[in-house]
Number of protein chains: 2
Amino acid sequence: MANKAGRSRPGAGSRNGSDFEHPLVTVDLIIFTVRDRELKLLLIKRGDPPFEGMWALPGGFVRASESLEVSARRELEEETGVSDIFLEQLFTFGEPDRDPRARVITVAYFAIIASDRRVLRASADAADARWFSVAELPKLAFDHERIVEYAIERLRNKLEYTTVGFQLLPAEFTLSELQHIYEVILGKQLDKRNFRKKILSLDVIQETGRTKMDGVHRPARLYRFSEARFMKLRDKGILFPF
Amino acid sequence: MANKAGRSRPGAGSRNGSDFEHPLVTVDLIIFTVRDRELKLLLIKRGDPPFEGMWALPGGFVRASESLEVSARRELEEETGVSDIFLEQLFTFGEPDRDPRARVITVAYFAIIASDRRVLRASADAADARWFSVAELPKLAFDHERIVEYAIERLRNKLEYTTVGFQLLPAEFTLSELQHIYEVILGKQLDKRNFRKKILSLDVIQETGRTKMDGVHRPARLYRFSEARFMKLRDKGILFPF
DNA sequence: ACAAAAGTGTTGAGAGTACACCCATGC
DNA sequence: GCATGGGTGTACTCTCAACACTTTTGT
């Protein structure tokens, strides 16, 4: 009841009885990954009217004992089986009519799953959960299209001033792989020399000494994220993806 | 009930009955202004236990018919009498124990009031609503200190890549006044020549032709915000304060 | 030898930063 | 005439953008 009594002066508005009944509160998840050189997100097929058969964002109710983030992590784990990944609150959507059945306020979170992670555990059978390329999304239930749009915008912005891009890759990766992540999300080509120069100047990755034999061409050096160096940057206020 | 049915597979968790009862949902407001060369925000004194006599952020319940932003604007209007100002969603706080009396999830909004606006309408008598300098805040109720901390951080960030700073000033202002806003919020001194060069190069303000006779020294030129020019920048993706 | 991706430097333009003096006014 | 804040320019550094060829491997 934050701020209730301090503000409950009679006459300040019509606040009698049922006008501020308790709404339902959910968390919805925008779970991004990159596969087949495309930015994808996870959708589930709804089984209930009025959106039966439509695709929607995964999510669920916030339980009485859970913080919002804990609730989001639990849903994430239930959907994908992964839990130790990047997750950030995106925005809270609360138009009164966004769900035709009841007043539902939803706190949207966006998550990022590395491309080598195997997800979609047994509990989510293939029929009702699928990765969709953001370039070819189906019609979505509720106001989920708007939520997705906003999530993609945020992801693009964060890419430029944080290291979220690294979250989409395996622990060891090549610079070309990293560049492809950036190109896929930003939707444009980047200059290879400039990209490498910039990333290396950030001093957040280090060579592993190993290479990736990818087939028929020159093997690429493998790098890994350097936490120690990253912390330095964070203190300087440059990057803060966690 | 967004995402409920799609996710309500039995066995996905213990979701029986009262574990996800409806929480209460409020909006809380961080209302910034600059007065006496200091960044200030509006607090109200609570009249009810368990925080009786403590200062807290203004706010109140979201009504059944209101969107979150409408709700925030209504509270803002009730507190200050102003309505046509910058307002933006900040973050949603939902720790289960943030209010000792009940589960309350609060959507925080931050607002910016120009320094020449007269606020605090009659309904809020001086005894229970006051501006506090962010440098000397009292202990706050609930988790409001954390909320305020986050709001200040966001304000600082936005100052650097948007034109929020202009929102704190009257419609006509001098470059020195604008610079003081930046210095107060960023907490550091800026070089006068560089500041003017940068602001003028953004091409978002224009001279009014008038000057401000401030007393005992050279009169300063008055500028005003140039919406047309601003829109150009917005299209280029540089500034987006609205 | 050739196909395919990896890897590598330089140059020019623009932005940011540091820095010191004259100007217009009221008293 | 002096105190007070208003107003102005230049030089250096650093970052960003444009741009093309050689290297290493598998076949």
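Just so we're on the same page: letters track the sequence lines, and every chain starts at 1.
- Rounding to whole angstrom units, CG of residue A:Asp191 and C1' of D:dT15 are separated by 15 Å.
- Atom C1' of nucleotide C:dA15 and atom CZ of B:Phe195 are separated by 16 Å, given to the nearest angstrom.
- Distance, A:Leu190 CG to D:dC16 P: 13 Å, rounded to whole Å.
- Summarising the geometry, the separation between CG on B:Leu200 and C1' on D:dG7 is reported as 11 Å, rounded to the nearest angstrom.
- Of the listed nucleotides (C:dG16, C:dT8, D:dT8), C:dT8 has the atom at the smallest distance from the side chain of A:Arg193.
- Residue B:Arg210 contributes atom CZ, which lies 18 Å from atom P of D:dG6 at whole-angstrom precision.
- With D:dA20, D:dA17, D:dG26 as the choices, the nucleotide that has an atom nearest any side-chain atom of A:Lys197 turns out to be D:dA17.
- Between B:Tyr182 and B:Phe195, the gap from one ring centroid to the other is short of 6.0 Å.
- In this structure, the CD atom of B:Gln179 is 14 Å from the C1' atom of D:dT8, given to the nearest Å.
- Going from atom OG of A:Ser176 over to atom CG of A:Asp214 covers 9.5 Å, rounded to the nearest 0.5 Å.
- Remark: C1' of D:dT25 and NZ of A:Lys212 are 16 Å apart, rounded to the nearest angstrom.
- Of the charged side-chain nitrogens involved, none lies within less than 4.0 Å of a carboxylate oxygen, so that A:Arg156 and A:Glu160 do not count as a salt-bridged pair.
- To the nearest 0.5 angstrom, A:Phe32 atom CZ is 5.5 Å from A:Leu41 atom CG.
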Just the atom pairs and distances: protein N or O near nucleotides 5-7 of chain C's N or O, under 3.5 Å.
from  : atom 1 : to       : atom 2 : distance (Å)
C:dA6 : OP1    : A:Ser176 : OG     : 2.8
C:dA6 : OP2    : A:Ser176 : OG     : 2.9
C:dA6 : N7     : A:Lys192 : NZ     : 3.3
C:dG7 : OP1    : A:Arg221 : N      : 2.8
C:dG7 : OP2    : A:Arg196 : NH2    : 2.5
C:dG7 : O5'    : A:Arg196 : NH2    : 3.3
C:dG7 : N7     : A:Lys192 : NZ     : 2.7
C:dG7 : O6     : A:Lys192 : NZ     : 3.3

Legend entry - A:Ser115 and A:Thr33: CA distance, side-chain angles, deciding distance, side-chain hydrogen bond (donor to acceptor under 3.5 Å, both in side chains) verdict: CA-CA 6 Å; A:Ser115 57; A:Thr33 199; 5.9 Å; no
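- Whole-Å rounding puts the B:Asp214 CG to D:dG7 P distance at 11 Å.
- For the side-chain hydrogen bond (donor to acceptor under 3.5 Å, both in side chains) test, no residue two or more places apart in sequence or in another chain qualifies with B:Arg193.
- Atom CG of B:Leu178 sits about 10.0 Å away from atom CZ of B:Arg196, to the nearest 0.5 Å.
- Of all nucleotides listed (D:dC19, C:dA20, C:dT17), C:dT17 comes nearest to the side chain of B:Asn194.
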